[in-house]
Amino acid sequence: MIDSFDTAAEMAARLEPEEPVYCLRPHVISATARRFVTGFPGDVLYAVKCNDNPIVLQAIHDGGVRHFDTASVAEVAEIAGHFPEQTSHYMHPVKSQRSIEEAYFHYGVRSFAVDHPDELEKLLEVTGGRDLTVVVRVQTPRNMAVFDLGGKFGASVEEAAELLRAASAPDRRLGLTFHVGSQCLNPDAYRRAIKLAGRVLRLARVPIDILDVGGGFPVAYAGVDVPPLEDFFAAIDETATGIRLPEGCRLLCEPGRSMVAEGCSIVVRVTLRRSDSLYLNDGIYGGLSDLTFNGIDMPMRVIRAIGGKPRPAADPDNLAAFRLFGPTCDSGDKLPRPYLLDAGVADGDWIEIGQAGAYSNVLATRFNGFQSARTVLVRDDAFRPGPADRHDRQTRQAAE
Ligand SMILES: Cc1ncc(COP(=O)(O)O)c(C=O)c1O
């Protein structure tokens, strides 16, 4: 039975945790999943790689998501274990023969991404080519998001058209997909990518059954203005209508980050304060690696230690800039930017870091033996950036 608390502060007071604690808010995740399911003009697949905690998966399912974007047989197996009646789509464009075989024959996966003729040949050979959806991934222009994903995968427009033609067969479904990059701040990126897909279709002259617009939907991290998800949905709907998709072609999307980021905060502990440096029990080899990227700043608040010397509660008006270091012996284990925190923060205090549900626990390593973390449920609302975080960003920029 997993422990459950009203707030992260209550959790810290009751458990006084030595290890980082993931505070999951399944109600927040389910609400975001419902927003996707009701607002997106097609089917919503959750990108399992982003956070595969079983509670997270269940919350997404509770929010109405019934399809899953998987990148490995292990993820396919995970989804089959949790939701035997649901569909996995194997959307990694590069797969081993064995993993295709297992996904197709053992787990009943029918939808696979490809971006190269040899991968298509492998897929057709291993599966026999029947009862199959072949989804061709096309490369999108770079610099449309905080994280470019186009450098590694994706066929050019001409190659994608050729792949579609090569994959076309009477008993086969065809699709096109792309990924604009993770944390994409502008709906125009989807407009441009869908128009690119339109060019592929005009060249290929074969009908498709699926246009999968991938993931990349943004989170309103500290200091960034992002348009509401609904603006992205409207841009996708409108542009897809504009390129005149074949009759019956369905739209799909594969959100990861935007689905889960706000549904989890991480509570880390201050092991040592040395002037304006704080040494924490979590860092870039743990759940905080996303914070090393420009444009990803999460809100933070101090939770004062309970057991030690009594001290006043954290003062939101008395803030100072701190450099944050992780627990390992690697001197690179630090956050690249200072953060504004309660000036009185001391050894033994905790810091709650909001919007930390995406690419956190799944990227944590056991480097230096710091692998242990705990997960609890928390009932309050998501910890999102407030006006102070905006100010925080400016102050930090000045301090950098
Ligand atoms: C194929 C694919 N789909 C979806 C996602 C999820 O992207 P995001 O977390 O930006 O929504 C990724 C992320 O790497 C991906 O590679």
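The figures that follow rest on heavy atoms only: side chains count, while hydrogens, waters and symmetry mates do not. Both ligands and their constituent atoms are indexed starting at 1 by order of listing.
Ring geometry for Phe232 versus Tyr190: interplanar angle over 60°, hence perpendicular rather than tilted (30 to 60°).
Judged by distance alone, the side chain of Arg323 and the main-chain N or O of Tyr339 form no donor-acceptor pair under 3.5 Å.
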Side-chain donor-acceptor contacts of residues 19-26 below 3.5 Å, not counting sequence neighbours, with atom names and distances?
from	atom 1	to	atom 2	distance (Å)
Arg25	NE	Asp380	OD1	2.8
Arg25	NE	Asp381	O	3.1
Arg25	NH1	Cys23	O	3.4
Arg25	NH1	Ser265	OG	2.9
Arg25	NH2	Glu352	OE2	3.0
Arg25	NH2	Asp380	OD1	3.1

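Under the rule for a salt bridge (Lys or Arg N to Asp or Glu O under 4.0 Å), Arg199 has no partner lying at least two apart in sequence or in another chain. Scored by the side-chain contact (heavy atoms from CB on, under 4.5 Å) test, Pro41 finds Phe233, Asp237, Leu251 as partners (sequence neighbours excluded).
Counting non-hydrogen atoms of other residues, nucleotides and ligands closer than 6.0 Å to CD of Glu230 gives a total above 12.
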Write out each pair where an N or O from ligand 1 and one from the protein are under 3.5 Å apart, with the distance.
from	atom 1	to	atom 2	distance (Å)
ligand 1	3 (N)	Asp69	OD2	3.0
ligand 1	3 (N)	Glu254	OE1	2.5
ligand 1	7 (O)	His179	NE2	3.0
ligand 1	9 (O)	Arg257	N	2.8
ligand 1	9 (O)	Tyr359	OH	2.6
ligand 1	10 (O)	Ser182	OG	2.5
ligand 1	10 (O)	Gly216	N	3.1
ligand 1	11 (O)	Gly216	N	2.9
ligand 1	11 (O)	Gly256	N	2.8

